2 protein chains.
Amino acid sequence: MNSTESDEIKADYNFISDALVDIYDQIMRIEESEIRKSRFKDITAKELHLVHTIGLHDHKTTSEVARILRLSKGTLTANLNNLERKGYITRITNQQDRRIINLALTSKGRLLYRAHYAFHRKLVEQCLKGFDGPAIKKMKQALINVEDFIGEVSAK
Amino acid sequence: MNSTESDEIKADYNFISDALVDIYDQIMRIEESEIRKSRFKDITAKELHLVHTIGLHDHKTTSEVARILRLSKGTLTANLNNLERKGYITRITNQQDRRIINLALTSKGRLLYRAHYAFHRKLVEQCLKGFDGPAIKKMKQALINVEDFIGEVSAK
DNA sequence: TAAAATAGTTTGATTCTCAAACTATTTTAG
DNA sequence: CTAAAATAGTTTGAGAATCAAACTATTTTA
């Protein structure tokens with residue numbers, strides 16, 4: 001690799017690094033503002049995140065969801081109370097072990113989940129606009145690499 | 001495009017969409033835990049973000065930084081008090097207009113900024129491991145597409 | 001079957017955030 | 001010029017979010 005190539009790649013790395021930092025914040029903000037323009041006006045970004053998690057991991061217990069989201073059980077209880085009151089989630093007492101509460105979305109919750117998921121899909125489609133199959137595979141590989149990196153650092 | 005290709009691409013889109021959602025949370029968490037293992041044990045993820053912003057936008061005013069981070073001025077003042085007390089930032093009264101405070105990193109703040117930046121670079125390098133020049137350009141294009149999408153949605 | 005363990009909730013303290021009132025300074029209008 | 005309006009940042013008071021620890025109900029274990 002000659003030094004010109006090296007410098008150019010370095011600049012690309014810096015561009016990608018800088019872009020990543022700010023993009024996510026903006027996406028979070030846009031997600032919230034889009035959802036609040038819709039019929040789901042009473043939902044914050046954090047609640048959206050919780051609905052997403054419960055939708056993705058259907059009928060998990062309160063403790064499992066708390067662990068996934070790295071929230072204390074007390075905090076999750078408070079959040080669940082709000083989402084239950086607003087009609088997005090239900091608590092289902094497990095009949096095999098009545099200490100356990102399984103969490104699920106209501107039909108209103110599922111509507112919100114799908115609207116949110118559709119927004120993400122639209123974002124990804126926009127992101128990969130004009131990419132062919134192999135390019136998409138590359139992108140997938142990059143994300144797998146990040147997941148591996150996260151796994152390594154977490155394991156240390 | 002035949003239906004098999006279409007289904008495969010759809011699956012890839014779903015994979016990418018799902019992966020993106022959880023990766024960011026994990027990165028934030030790892031960033032904080034890595035920084036707390038280092039000599040900068042007194043820094044939270046939010047403070048790291050603020051130091052990053054002040055480092056990136058040197059000598060901006062308090063109001064400008066508040067706008068960039070979408071924080072109220074009062075909240076930013078509180079955060080700045082903490083970071084000043086811990087020795088990461090300084091407030092510099094602007095001599096042309098003495099209402100204005102310009103924000104800058106101390107040398108300790110710059111050390112933290114560089115350590116954080118290095119972590120990001122390492123993450124990007126890991127992410128693009130084994131990618132050649134054109135593939136890296138594609139990745140850059142994907143991010144530009146996202147930025148455009150964000151711009152469009154924000155402008156609406 | 002009594003003790004230990006587990007799941008989730010409640011409680012009390014702490015921290016974070018915001019909007020509005022406030023202080024200090026600069027700009028503008030008369 | 002100078003009084004009023006505007007602007008930058010801080011302070012204040014209230015409300016929301018979070019956590020750890022104590023607590024309740026239930027199940028498992030010894």
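In what follows, every chain begins at residue 1, and chains take the letters A, B, ... in the order their sequences are listed. Note that this is a predicted model, so its numbers are computed, not measured.
- A close approach under 4.0 Å does not occur between any side-chain nitrogen or oxygen of A:S63 and OP1 or OP2 of C:dT6.
- In terms of heavy-atom proximity, A:L143 sits nearest to B:A19 at CD1-CB, 4.1 Å.
- The side-chain contact (heavy atoms from CB on, under 4.5 Å) search around B:T93 returns B:Q95, B:R98, B:I101, not counting sequence neighbours.
- Under the rule for a side-chain contact (heavy atoms from CB on, under 4.5 Å), the partners of B:N81 that lie at least two apart in sequence or sit in another chain are B:T77, B:R91.
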Side chain to side chain contact (heavy atoms under 4.5 Å, CB included) between B:N145 and A:F131, intermediate numbers included: CA-CA 11 Å; B:N145 289 345; A:F131 284 34; 4.2 Å; yes
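- Partners of B:S63 according to the side-chain contact (heavy atoms from CB on, under 4.5 Å) rule, which considers only residues two or more places apart in sequence or in another chain, are B:T61, B:K73.
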B:L128 vs A:I16, test: side chain to side chain contact (heavy atoms under 4.5 Å, CB included). Steps then yes/no. CA-CA 10 Å; B:L128 303 181; A:I16 290 169; 3.7 Å; yes
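- Of all heavy-atom pairs between A:R36 and A:I43, the closest is NH1-O, 3.1 Å.
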Worked check of salt bridge (Lys or Arg N to Asp or Glu O under 4.0 Å) between B:E34 and B:K37: CA-CA 5 Å; B:E34 288 289 302; B:K37 278 185 221 156; 3.1 Å; yes
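- Listed by residue number, the members of residues 24-33 of chain A with any heavy atom below 4.0 angstrom from DNA chain C form an empty set.
- Using a 4.0 Å cutoff on non-hydrogen atoms, the parts of residues 70-87 of chain A near DNA chain C are A:K73, A:G74, A:T77, ordered by number.
- Partners of A:H49 by ring pair (Phe, Tyr, Trp, His ring centres under 6.0 Å), not counting sequence neighbours: none found.
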With both pairing distances under 3.5 angstrom for Watson-Crick or G-U wobble, and | for a partner in another strand, the correct string for DNA chain D is ||||||||||||||||||||||||||||||
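- One atom, CD of B:E64, and another, C1' of D:dA8, lie 11 Å apart when rounded to the nearest Å.
- Pairs passing the ring pair (Phe, Tyr, Trp, His ring centres under 6.0 Å) check and including a residue from residues 54-95 of chain A, sequence neighbours excluded, do not occur.
- Side chain of B:K138 to main chain of A:M139: no donor-acceptor pair is present (N/O by atom type, distance under 3.5 Å, no hydrogens or angles).
- Among residues two or more places apart in sequence or in another chain, the ring pair (Phe, Tyr, Trp, His ring centres under 6.0 Å) test is passed with A:F15 by none.
- For the residue pair B:R121 / A:N14, a side-chain donor-acceptor distance below 3.5 Å is found, with atom types taken as modelled.
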Contacts under 3.5 Å, N or O only, protein and nucleotides 23-27 of chain C:
unit_1 : atom_1 : unit_2 : atom_2 : d
C:dT25 : OP1    : B:R98  : NH2    : 3.3
C:dT26 : OP1    : B:R98  : N      : 3.0
C:dT26 : O4'    : B:R99  : NE     : 3.4

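- With DNA chain D read from its 5' end, the first of the two nearest nucleotides for B:K60 and A:T44 is the one closest to B:K60.
- B:R67 has its CZ atom 14 Å from the C1' atom of D:dA8, to the nearest Å.
- By the side-chain hydrogen bond (donor to acceptor under 3.5 Å, both in side chains) test, B:T62 is found to be paired with no residue, residues two or more places apart in sequence or in another chain being considered.
- Taking a 4.0 Å limit (strictly below) on heavy-atom distances, residues 47-58 of chain B does not reach DNA chain C anywhere.
- Distance check: A:Y24 OH to B:I27 CD1 gives 8.0 Å after rounding to the nearest 0.5 Å.
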